[in-house]
Number of protein chains: 2
Amino acid sequence: MATADRLERLIVDECGSCCDGDVDALIADLNAVCDRARTDRTPTAAALFDALSAETRLDIVRLLVAAEDELCVCELEPLVDVSDSAVSHALSTLTDAGLVERRKEGRWRYYRPTERAAALLAAVDGEADGTAGGAAE
Amino acid sequence: MATADRLERLIVDECGSCCDGDVDALIADLNAVCDRARTDRTPTAAALFDALSAETRLDIVRLLVAAEDELCVCELEPLVDVSDSAVSHALSTLTDAGLVERRKEGRWRYYRPTERAAALLAAVDGEADGTAGGAAE
DNA sequence: TATTCATTTGAACAGTTGTTCATTCGTTGG
DNA sequence: CCAACGAATGAACAACTGTTCAAATGAATA
């Protein structure tokens, strides 16, 4: 396997030599790193990041966090630069991702952000606080 | 404008009536929300979320954080399920986003995560700590 | 029941993205 | 200089995504 050969040359470059078993030891180290890395959480986490990676959706989350009250589609629509259909699509995606919650009242639908959304927003803006409480599953 | 009409009906539904100026007041409130929302930070933040929205890239960041040492492409490649070219592309994207840093040494390139990457990972995993230090603009 | 309304949903389109393959770039050593 | 090597880069392709338009829901009202 080419991978092992390359790892062997890496060890030689780093340590000057490579004894029998050194490659296996490095591979064991790497597997230990992999175990600690919690890659099983990646699908869930990537879905959250993905939901926040579109500017329209991120703007909506920002607006919901900034408003200290729930907002409905018709209040959000004039604040972002897309059609109300696009706002609805965005809110649907955010709801599926667990970043906003919806309340129905008559013909109106009120949206508010979850704590997870606020925590991610704080993290990306570089704020070091921990408004996140003991959130989530 | 249809937007203002809808806002007027919203006020009527919420308060029972809508006096002259109420719509303008609501619009003013919404604009104030928009000001507080820091939407000017959205392009930067969305780029960060976007960089972490692909499973390969997120796995790589996890691995770099879990390793308490720098890793090179040849160490990462066996831990993720793509070609080393894809790993290199992913690292390039992450570097551009400011989520990993690169160190050159001979033929090898060593990568390590930035504090911002660690902070976002902690946030998405639901940890309420603040390893992020006083980072960033 | 029929109409109006706020919102949702589905289809369709252009634009974007993650991957692999092939090539190129720097570096090391003969 | 030449060959070998780790890594980066570009082209190409399939897969995906955000938007709008048009139509459908479900609730209020006449």
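Letters A, B, ... mirror the listed sequences (proteins, then strands); counts begin at 1. No experiment lies behind these values; they were computed from the predicted model shown. These values consider heavy atoms only, across backbone and side chains, with no hydrogens, waters or symmetry-generated copies.
The residue among H89(A) and R109(A) whose nearest nucleotide of DNA chain C lies closer to the 5′ end is R109(A). Residues V73(B) and G106(A) both approach DNA chain D. Their nearest nucleotides, taken by heavy-atom distance, put V73(B) toward the 5′ side. Nearest-nucleotide mapping onto DNA chain D: of Y110(B) and S53(A), the residue sitting toward the 5' end is Y110(B).
Across the protein-nucleic acid pair, L10(B) atom CG and dA28(D) atom P stand 14 Å apart, rounded to whole Å. Note: CG (D84(A)) to P (dC21(D)) measures 10 Å, nearest angstrom. Between W108(B) atom CH2 and dA4(D) atom C1' there is a gap of 12 Å when expressed in whole angstrom units. dA7(D) atom C1' lies 13 Å from atom CD1 of I60(B), rounded to whole Å. The separation between E77(B) atom CD and dT19(C) atom C1' is 14 Å, rounded to whole Å. Here dG18(D) presents its C1' atom at 13 Å from CG of D50(B), a figure rounded to the nearest Å. For D13(B) and dA28(D), the CG to P distance is 9 Å, given to the nearest whole Å. In this structure, R103(A) atom CZ and dA6(C) atom C1' are separated by 15 Å, rounded to whole Å.
Checked by distance alone, S85(B) brings a side-chain donor or acceptor within 3.5 Å of a matching partner on the base of dC21(C).
Here Y111(B) lies in heavy-atom contact (under 4.0 Å) with sugar-phosphate atoms only. Within the 4.0 angstrom heavy-atom criterion, only backbone atoms of the sugar-phosphate kind lie near A54(A); the bases stay farther away.
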**Item:** Derivation and outcome, side-chain contact (heavy atoms from CB on, under 4.5 Å), residues R57(B) and L52(B)
**Value:** CA-CA 6 Å; R57(B) 290 195 294 267; L52(B) 295 171; 5.9 Å; no
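For R9(A), taking side-chain heavy atoms from C-beta onward, the closest of the listed nucleotides dG6(D), dG18(D), dT20(D) is dG6(D). The side chain of R6(B) sits closest to dT7(C) out of dT7(C), dG6(D), dA8(D). Distances were taken from every side-chain heavy atom of C72(B) (C-beta onward) to each of dA7(D), dT27(C), dT19(C); the shortest belongs to dA7(D).
Between L91(A) and L76(A) the shortest side-chain heavy-atom distance falls below 4.5 Å.
Within the structure, a side-chain polar atom (N or O) of R102(A) is placed less than 4.0 Å from OP1 or OP2 of dT8(C). Listed pair R107(B) / dG29(C) fails the phosphate criterion, with no side-chain N or O lying under 4.0 Å from OP1 or OP2. Applying the 4.0 Å criterion to OP1 and OP2 of dT19(D), one finds that S83(A) has every side-chain N and O outside that range. Proximity of T56(B) to the phosphate of dT19(C): a side-chain N or O atom is located under 4.0 Å from OP1 or OP2.
Enclosure of atom CG in D35(A) by more than 12 non-hydrogen atoms of other residues, nucleotides or ligands within 6.0 angstrom is indicated. For D40(A), the CG atom counts as densely surrounded, since its 6.0 Å shell holds more than 12 non-hydrogen atoms of other residues, nucleotides or ligands.
Under 3.5 Å, the side chains of D59(B) and T42(A) contain a donor-acceptor pair of N or O atoms.
Put simply, the side chain of D50(A) never gets that close to the backbone of A46(A): no donor and acceptor are under 3.5 Å apart.
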